[in-house]
Amino acid sequence: MAYTEDDLKEELKGKEYKYGFTSNIEADKLPPGLNEEVIHLISAKKNEPEWMLEYRLNAFRSWQKMVEPEWAHVHYPKVDFQSLSYYSAPKKKGDVKWEDIDPEMKATMDKLGISMDEQKALSGVAVDFVFDSVSVKTSFQEKLKELGIIFCSFSEAVQNHPELVKKYIGTVVPTSDNFYAALNSAVFSDGSFCYIPKGVRCPMELSTYFRINEANTGQFERTLVVADEGSYVSYLEGCTAPSRDENQLHAAIVELIALDNAEIKYSTVQNWFPGDKEGKGGVYNFVTKRGICHKNAKISWTQVETGSAVTWKYPSCILKGDNSIGEFYSVAVTNHYQQADTGTKMIHLGKNTKSTIISKGISAGHSNNSYRGLVQIHKNASNARNFTQCDSLLMGDQCGAHTFPYIEAKNSTAKIEHEATTSKIGEDQIFYCNQRGIDTEKAINLIVNGYAKEVLNKLPMEFAVEAQKLLEISLEGSVG
Amino acid sequence: MIKINNLHASIDGKEILKGINLEVKAGEVHAIMGPNGSGKSTLSSVLAGREEFEVTEGSVEFDGKDLLDLSPEDRAREGLFLAFQYPVEIPGVSNINFLKTAINEKRAYLNQEPVSAKEFLGMVKEKSALVELDSKLANRSVNEGFSGGEKKRNEIFQMAMLSPKLSILDETDSGLDIDALRIVANGVNKLKSPNNATIVITHYQRLLDYIVPDFVHVLYNGKIVKSGGKELAIELEEKGYDWIKSENVEL
Ligand SMILES: Nc1ncnc2c1ncn2[C@@H]1O[C@H](COP(=O)(O)OP(=O)(O)O)[C@@H](O)[C@H]1O
Ligand SMILES: [Mg+2]
């Protein structure tokens, strides 16, 4: 029958996680625990150079002195870092050929809806698939090579391009930046590396698919994207994790470096397992993402966050160069008992720097969704401009939406605009849809997608469709 | 087409409709007039299935089915259309996308194939011309930032796209200037056929100069107190609603 608030609440209880399967792949895994010996082991397994080991050990030593941050608007039982295993790799490794890849893993990729075959080729996406910790196969490397573009797993980069890695690693997110960043810097397992040479426009979207498979392995990915002068790259990151009762930890680092006149577009669709209806299980997603813009450079973060039990994430831009531009477009959906504290930091150091922040929060069930943003204008950043729009959409009355905007302006020529709205999906809107023959569930999808459109439009075409579906799944009801 | 039998409805325990009887046959146009607050919008909301209103007594038969037993979306899919007095805005959802969804939901319900892109675009072109709706509006978000008149024209555009069996126009004329009024009325007239029917709810007689009703009913205080031909509307215009009020003091 017709829609009421109670029906809506009832429906939203039925959200189902569609990627909840585990693969049965033999894994090479370290026993739980973290100490310097474990770090030596990880580094040795990866056959790393001495400087990489030193980097890890330095990070570990800083981490030991740090405490887990508690300022975010999230509540969860503390992680016992000694009970986790810090390395897990599928058994088969070495120089992997597509034919040699475990059929189970191929099936997993199918379920995830990613394929490395011709179809993807046609859609022009190069994928770096990170299965637990080791990057399995990277497609399109050959084609990219012709242009001088390097796109490979982090481990490969350490082996084959040590000078680049050494030059840029930790320059945007230092080892001692924060608790999780320090932990990642100590134990990071693998991730992606990308370098675009001067003046090259990367002709295809580069894409990484992360997935947590093993129980009790924290995933510590590390992504480093360097866009040399005047280059352009669009980078996509998608994530899923199997359903598990226990919480899995994900503490990644992403560093972006846009040199003079370069542009990096970084898009994320994150649907790590959010936990079940009662709030059991789910991924803790504690991620540090930051980019630096040199002169006239531009970094644009777009994220659609629907997963994870707890999200702690602030993709940020350091606008160091004059005339540089930072953008942050975000849709964050929380349902059931999910908690998200996400936003951005725009640090204006250069003159005429510009930043735009569009944040759309959607909360349902008993969830909590917070926007936390910092706009900082430094003394020398004359004529800096920021525009922030921060909208919250509430579904039902047991969820929460919060905004914590911080503004620090030390230059009087700064222009900062901030707009914020909070709205509820109206019964009038839903009834209007019903009267046109659209049922309540579809109506909610339409309304939510409409609400998030400004951000979804920023995603590359192919990803936008996926993101839209994801929003639907996240808010899917038990109706029908 | 529709047969309303002794319909009573209330909200928060307060009775608003107090026994409505009305039959509309295919091919007919009925006008329902009445002073503000007499229950006109309530009647249309109840027929469309708005759940806040509780039907306490009576029955409604729509095309042989028990209307009150259907969900609002199924009523729509069966061919009931309500042009809202106050159309809502849906930010970010394009009119086109909205209508395509609506049409395909109806088609799925009737076990029909989804509309093809070509067919759909053809329809949009034809129907938007009918109400002289700027094609730019068809691509904009549903009613967002539309003027009052544009919203009303958009309702008739949607009606044309969905080709309902029974259309209920709730004060579609209010807030329209004379040109817009003529456009809207024209659209409605062109959509008229022996197979469909229209209920025109209006406060004023002037719309009925353009959409000529076969029957006119006066709703007052939750009841139809007078019915007649189109001359009743003119009589009402001359004598004003006080005439009805004084005749029905006991209500
Ligand atoms: N949502 C509501 N809650 C309480 N009373 C309502 C509501 N909607 C309508 N009413 C009351 O019902 C009566 C009829 O209203 P309505 O159907 O809008 O009249 P009309 O459309 O003829 O002007 C009025 O007294 C109005 O105050
Ligand atoms: Mg009314």
Side-chain angles (χ1 to χ4, degrees), chain A residues 1-8 10-11 304 329 331 358 360-362 389 391-393 419 421-459 464-465 467-468 471-472 477 479-480, chain B residues 44-55 68-95 97-110 140-144 151 154-155 158-159 161-162 164 167-168 170:
Chain A
M1 294 306 298
Y3 157 87
T4 65
E5 278 274 311
D6 287 338
D7 290 342
L8 175 60
E10 204 42 51
E11 279 168 32
V304 174
Y329 301 101
V331 176
I358 310 278
K360 304 263 182 181
I362 301 166
Q389 185 188 327
D391 298 330
S392 310
L393 186 67
E419 287 175 11
T421 67
T422 300
S423 51
K424 270 183 107 161
I425 286 204
E427 294 191 20
D428 286 346
Q429 286 175 324
I430 290 177
F431 184 69
Y432 190 80
C433 295
N434 289 159
Q435 212 302 306
R436 298 302 185 248
I438 301 166
D439 65 32
T440 299
E441 193 165 318
K442 270 229 165 65
I444 290 174
N445 285 342
L446 267 179
I447 295 165
V448 166
N449 272 308
Y451 165 79
K453 196 176 190 175
E454 239 179 304
V455 174
L456 297 178
N457 279 347
K458 297 287 175 190
L459 289 172
V465 177
Q468 216 166 45
L471 289 187
E472 282 169 24
V479 167
Chain B
S44 52
S45 293
V46 169
L47 294 178
R50 183 115 210 188
E51 203 139 89
E52 290 146 71
F53 296 97
E54 192 194 352
V55 175
L68 302 178
D69 211 29
L70 298 175
S71 66
E73 57 271 25
D74 283 350
R75 295 179 197 199
R77 294 161 183 169
E78 287 285 349
L80 183 97
F81 183 91
L82 171 60
F84 286 80
Q85 182 171 2
Y86 304 107
V88 304
E89 303 187 357
I90 312 182
V93 178
S94 77
N95 244 330
N97 183 20
F98 179 72
L99 271 171
K100 197 162 179 190
T101 308
I103 287 172
N104 284 336
E105 289 295 296
K106 181 176 177 178
R107 291 203 174 196
Y109 178 81
L110 300 173
R140 285 231 314 254
S141 295
V142 179
N143 295 322
E144 198 188 21
K151 282 183 182 168
N154 196 26
E155 292 292 287
Q158 292 185 22
M159 169 181 145
M161 291 291 287
L162 289 162
S167 305
I168 304 169
D170 190 2

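Here is the naming used below: chain letters follow the sequence lines, and residue numbers restart at 1 for every chain. Excluded from the calculations below are hydrogen atoms, water molecules and symmetry mates; all remaining heavy atoms, backbone and side chain alike, are included.
One distance of note links CD of Glu441(A) with SG of Cys433(A); it measures 13.0 Å at 0.5 Å rounding. Going from atom CE of Met159(B) over to atom CZ of Arg436(A) covers 10.5 Å, rounded to the nearest 0.5 Å.
Proximity of Gln435(A) to Arg50(B): side-chain heavy atoms (C-beta onward) are nowhere separated by under 4.5 Å. Put simply, the side chain of Leu471(A) does not reach to within 4.5 Å of the side chain of Asn445(A), judged on heavy atoms.
Chain A forms more heavy-atom pairs under 4.5 Å with one residue of Leu99(B), Val88(B), Asn97(B) than with any other, namely Val88(B). For the set Ile90(B), Val93(B), Leu82(B), the count of heavy-atom pairs under 4.5 angstrom toward chain A peaks at Leu82(B).
Looking at Pro164(B), neither its backbone nor its side chain comes within 4.5 Å of chain A, counting heavy atoms on both sides. In this structure, chain B has a heavy atom under 4.5 Å from the backbone of Tyr451(A), while its side chain stays farther away. Only the side chain of Gln158(B) has a heavy atom closer than 4.5 Å to any heavy atom of chain A. Looking at Phe98(B), the atoms closer than 4.5 Å to chain A (heavy atoms on both sides) sit in the backbone and in the side chain alike. When heavy atoms are compared at a cutoff of 4.5 Å, Leu80(B) approaches chain A by way of both its backbone and its side chain. Using a 4.5 Å cut-off between heavy atoms, Asp74(B) makes no contact with chain A at all. Of the two parts of Tyr86(B), neither the backbone nor the side chain holds a non-hydrogen atom closer than 4.5 Å to a non-hydrogen atom of chain A.
In terms of modelled atom types and a separation under 3.5 Å, the side chain of Arg75(B) and the main chain of Leu47(B) share a donor-acceptor contact. In this structure, the side chain of Lys106(B) engages the main chain of Leu162(B) through a donor-acceptor pair within 3.5 Å.
Under the 30°/60° scheme for interplanar angles, the aromatic rings of Phe84(B) and Tyr432(A) are found to be tilted.
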